[in-house]
4 protein chains.
Amino acid sequence: MVPTPNPERRNERSRRATLAATIELIAARGYGKVTIEAIATQAGASKQTIYRWWPSKAALALEAINDYIGEAIDFPDTGDITTDLTTQISEVTDLLTGPIGTVFRGVIADAQSDPSVGAALRETIIEPRTRLCEARLAAAVAAGQLRADVPTRVMVEMLYSVVYYRLLFGTDELDPRKTPAFLEYVFTGLRPLPPRAEP
Amino acid sequence: MVPTPNPERRNERSRRATLAATIELIAARGYGKVTIEAIATQAGASKQTIYRWWPSKAALALEAINDYIGEAIDFPDTGDITTDLTTQISEVTDLLTGPIGTVFRGVIADAQSDPSVGAALRETIIEPRTRLCEARLAAAVAAGQLRADVPTRVMVEMLYSVVYYRLLFGTDELDPRKTPAFLEYVFTGLRPLPPRAEP
Amino acid sequence: MVPTPNPERRNERSRRATLAATIELIAARGYGKVTIEAIATQAGASKQTIYRWWPSKAALALEAINDYIGEAIDFPDTGDITTDLTTQISEVTDLLTGPIGTVFRGVIADAQSDPSVGAALRETIIEPRTRLCEARLAAAVAAGQLRADVPTRVMVEMLYSVVYYRLLFGTDELDPRKTPAFLEYVFTGLRPLPPRAEP
Amino acid sequence: MVPTPNPERRNERSRRATLAATIELIAARGYGKVTIEAIATQAGASKQTIYRWWPSKAALALEAINDYIGEAIDFPDTGDITTDLTTQISEVTDLLTGPIGTVFRGVIADAQSDPSVGAALRETIIEPRTRLCEARLAAAVAAGQLRADVPTRVMVEMLYSVVYYRLLFGTDELDPRKTPAFLEYVFTGLRPLPPRAEP
DNA sequence: CCTTAAGCGAGACGGTACGTCCAGTCTTTTA
DNA sequence: TAAAAGACTGGACGTACCGTCTCGCTTAAGG
């Protein structure tokens with residue numbers, strides 16, 4: 001590593017080229033087959049410059065993702081939690097179906113062996129978005145649209161974990177069109193539906 | 001690789017030592033920091049012998065896991081699906097909290113870059129157990145304990161994906177004691193509970 | 001470095017190719033412009049293999065020289081020290097005019113910064129040949145052809161240092177035809193010659 | 001390199017500090033272990049400034065040597081060539097025993113790979129001093145103290161090459177007290193001394 | 001019983017990428 | 001406009017593993 005460089009003097013062109021090269025190469029060859037040397041070459045940067053600003057390929061990929069998806073997209077709030085979650089989960093599913101999905105899978109993979117990657121992953125991606133989602137869910141609870149006795153954090157996990165399960169295990173297709181049905185299952189539960197009251 | 005070795009002449013002692021070394025080393029140092037050379041040394045085997053029987057570290061780890069957990073544990077069937085799933089999910093959670101969890105996370109990580117690892121993972125671990133679970137769920141559906149209009153495959157994902165989410169992201173503690181409450185959420189759904197009918 | 005490899009299992013073909021590549025490349029590009037990577041590539045060897053057997057480029061070059069010039073050429077002994085030294089010094093001059101000269105200059109250069117190279121240079125090249133020369137000079141002293149009050153080691157230095165001076169500084173041409181005159185100067189000294197006795 | 005800087009605006013303090021740092025660091029760590037970056041840091045100069053005025057570490061070292069030893073010391077002329085050479089060679093030996101010796105060895109080393117360093121070395125150090133020495137030797141020849149049929153350039157080499165041989169190979173100690181005996185060998189030659197005429 | 005062919009431990013090999021270091025250039029700021 | 005500071009490209013360094021390859025040694029089977 002390099003001793004505490006000065007961020008003000010950083011070359012922005014080199015930074016952008018490096019992050020772009022990271023996504024391009026990973027999307028094209030797969031995370032595991034991309035080396036830092038290849039990224040450096042593709043970006044027209046030197047390895048030293050990369051190591052000056054990022055400690056690992058995973059850190060690079062993580063920043064590339066964050067740059068790509070931009071500011072923490074505000075959670076939609078139309079007043080109806082079902083509508084809003086459908087929108088949101090579909091968007092996430094869409095995103096993970098494209099090149100970012102490949103990059104993301106690689107970062108999650110590296111996080112399994114490198115705790116600092118796991119921490120960075122949680123801090124820069126998972127937790128901020130989880131908190132936004134929790135806030136929206138809390139509002140829905142307050143509006144009487146959701147149970148008050150289920151921790152919002154657990155709700156978030158119930159809503160999103162299936163997406164990651166499919167992303168990582170490849171057992172089922174990631175398809176935004178499945179979102180509404182899935183949400184209905186989560187909201188209504190798996191118990192048999194009671195007979196509708198007759199009018 | 002070596003051209004089709006003869007499994008009958010295989011040295012069982014060497015095989016066991018290798019699988020044991022795999023789990024020990026991965027549990028001790030983490031999946032990513034364990035090399036095949038280290039496993040060979042620890043097992044008193046030669047690298048050649050390992051490559052003769054396993055194509056990759058992930059394949060080795062996968063077989064080590066399967067050997068460790070033994071026969072596909074039959075899904076319990078007490079007649080009550082809640083009881084049975086509580087038992088089963090708690091057991092899985094327990095397992096993934098120990099050394100096998102570390103090995104498993106490594107295999108999942110490698111599966112993200114190597115499709116053949118993904119396939120092997122699904123075929124030897126995920127799918128067989130998923131099918132057992134689906135069968136039990138189908139029985140519960142038939143017994144009127146679960147909705148008939150939700151694919152059992154989706155039910156399995158809803159029940160287990162949260163465990164893997166926590167395992168891989170480390171956002172929440174893996175704790176078997178949380179299983180009953182979680183099951184209640186999944187079965188009853190997140191909508192507010194209707195007021196109990198007065199007696 | 002690699003932990004004490006077993007010389008018996010060494011690949012002789014690889015060793016020869018590496019030493020040959022060393023001389024070829026240094027002769028073609030100059031010592032300083034040759035990298036170990038280039039030698040490895042040219043020899044069809046891997047860097048690791050080179051580092052397994054040689055600690056540095058200089059060590060490689062030194063062994064290449066020794067292999068090239070073969071066994072310590074016995075010092076000639078015709079009975080006449082002038083004849084023998086003429087032969088010997090001319091041969092050394094010839095050798096240093098060719099590719100070996102370039103390699104040799106590089107090793108001497110590295111010896112200035114790396115004491116272990118200096119030691120190896122003395123032990124494998126300088127000292128063995130110095131001792132052979134001293135032995136021949138001692139015989140000449142015993143035969144009354146040379147002064148007995150000058151240490152043979154100093155004689156060796158007086159006889160050979162000019163060759164290295166010219167090799168390293170490039171102040172004067174290295175030309176074997178200059179050897180007889182030079183020897184006459186060293187043997188007779190720089191003082192004016194006394195007038196010959198008339199017959 | 002920078003296109004022809006204006007020497008008049010040069011910062012003399014920076015120049016001195018750089019040359020001083022060069023000698024200090026090389027004396028302390030050895031020529032090969034000193035980098036231009038280290039010299040810049042030690043001198044409180046920037047790398048750019050160093051590259052503006054010197055093309056290489058060797059050029060820097062060469063100028064440092066020349067600054068250190070000051071004006072080309074005039075060759076002494078007492079009328080007796082033996083006395084004068086003893087003085088001169090002893091001084092050179094003394095100089096090369098100290099820090100300048102280490103710097104000098106480094107420059108000679110670099111000259112083996114970089115012809116421009118060799119040229120600079122000859123032009124700024126070797127040749128000027130050689131010419132002074134040749135002039136003194138020519139005077140001695142004219143005075144009948146030395147042979148007229150030996151080129152003075154060869155005499156210079158015979159007188160000084162042994163010093164460099166010992167400096168570069170480290171085969172023998174550089175000791176000014178050995179100078180008189182050595183001179184006697186060179187002047188009288190290695191042939192056995194004829195019996196002194198009886199009085 | 002004795003060959004013989006396979007699996008085995010050992011470890012050297014060609015390769016690839018690692019993360020570091022320094023050369024030499026370029027840019028920004030200060031005096 | 002020189003100089004200090006230091007980020008930059010480029011490229012070699014020496015290391016670590018990969019997956020392949022010989023090499024003897026052991027071991028079980030078949031002639």
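The chains referred to below are lettered A, B, ... by the order of the sequence lines, with proteins before strands, and numbering in each begins at 1.
- A donor N or O paired with an acceptor N or O is not found under 3.5 Å between the base of dG9(E) and the side-chain atoms of Lys47(B).
- Listed candidates were dC17(F), dG14(E), dA3(F). Nearest to the side chain of Thr49(D) is dA3(F).
- Taking atom CG of residue Asn6(C) and atom P of nucleotide dG9(E), one finds them 19 Å apart after rounding to whole Å.
- Note on Ala45(A): only backbone sugar-phosphate atoms sit closer than 4.0 angstrom, heavy atoms only; bases stay farther off.
- With dC22(E), dC18(E), dT9(F) as the candidates, the nucleotide lying closest to the side chain of Tyr51(A) is dC18(E).
- Taking both residues in full, the closest heavy atoms of Leu167(C) and Arg105(C) are given as O-NE, 3.5 Å, listed atom of the first, atom of the second, then distance.
- When atom types are taken as modelled, the side chain of Thr49(A) and the backbone of Ala45(A) share no donor-acceptor pair closer than 3.5 angstrom.
- The side chain of Ile36(D) sits closest to dA23(E) out of dA23(E), dG14(F), dA4(F).
- Between Leu60(B) atom CG and dC17(F) atom P there is a gap of 16 Å when expressed in whole angstrom units.
- One interatomic measurement links the two molecules: CZ of Arg13(A) to P of dT27(E), which rounds to 11 Å at whole-angstrom precision.
- Evaluation of the salt bridge (Lys or Arg N to Asp or Glu O under 4.0 Å) test over residues 15-27 of chain A, restricted to residues two or more places apart or in two chains, returns Glu12(A)-Arg15(A), Glu12(A)-Arg16(A), Arg15(A)-Glu63(A), Arg15(A)-Asp67(A).
- Heavy-atom distances under 4.0 Å link DNA chain E to no residue of residues 107-116 of chain A.
- For residues 109-123 of chain A, there are no salt bridge (Lys or Arg N to Asp or Glu O under 4.0 Å) pairs, not counting sequence neighbours.
- Below the 3.5 angstrom threshold, one finds no donor paired with an acceptor across the side chain of Gln48(A) and the base of dA7(F).
- Side-chain contact between Trp53(C) and Thr18(C): absent, with no pair of heavy atoms (C-beta onward) separated by less than 4.5 Å.
- Contact check, Ser46(C) against dG15(E): no side-chain N or O comes under 4.0 Å of OP1 or OP2.
- No side-chain heavy atom of Thr22(B) sits under 4.5 Å from any side-chain heavy atom of Tyr31(B).
- dT26(F) atom C1' lies 10 Å from atom CZ of Arg9(B), rounded to whole Å.
- In this structure, CH2 of Trp53(A) is placed 12 Å from P of dG6(F), rounded to the nearest angstrom.
- Residue-to-nucleotide proximity on DNA chain F shows that, of Ala43(A) and Ala38(B), the 5′-proximal contact is made by Ala43(A).
- Residue order along DNA chain E, read from the 5' end via each residue's closest nucleotide, puts Ala40(C) first among Ala40(C) and Val34(A).
- When Leu60(B), Leu25(B), Val103(B) are each tested for a side chain to side chain contact (heavy atoms under 4.5 Å, CB included) with Val34(B), only one passes: Leu25(B).
- Side-chain atoms of Pro5(A) lie closest to dA7(F) of the nucleotides dA7(F), dG7(E), dG14(E).
- The cationic atom of Arg10(D) (NZ for Lys, CZ for Arg) lies less than 6.0 Å from the six-membered ring centre of Trp54(D) and within 45° of the ring axis.
- Regarding Glu8(C), its CD atom lies at a distance of 13 Å from the P atom of dC13(E), rounded to whole Å.
- Between Glu12(A) and Thr35(C), the residue anchored nearer the 5' end of DNA chain F, judged by the nucleotide with its closest heavy atom, is Glu12(A).
- With rounding to whole Å, Arg52(A) atom CZ is found 13 Å from dC21(E) atom P.
- At a cut-off of 3.5 angstrom, counting only N and O atoms as typed in the model, there is no donor on one side facing an acceptor on the other between the side-chain of Arg10(D) and the base of dA2(F).
- The separation between Glu37(A) atom CD and dT20(E) atom P is 13 Å, rounded to whole Å.
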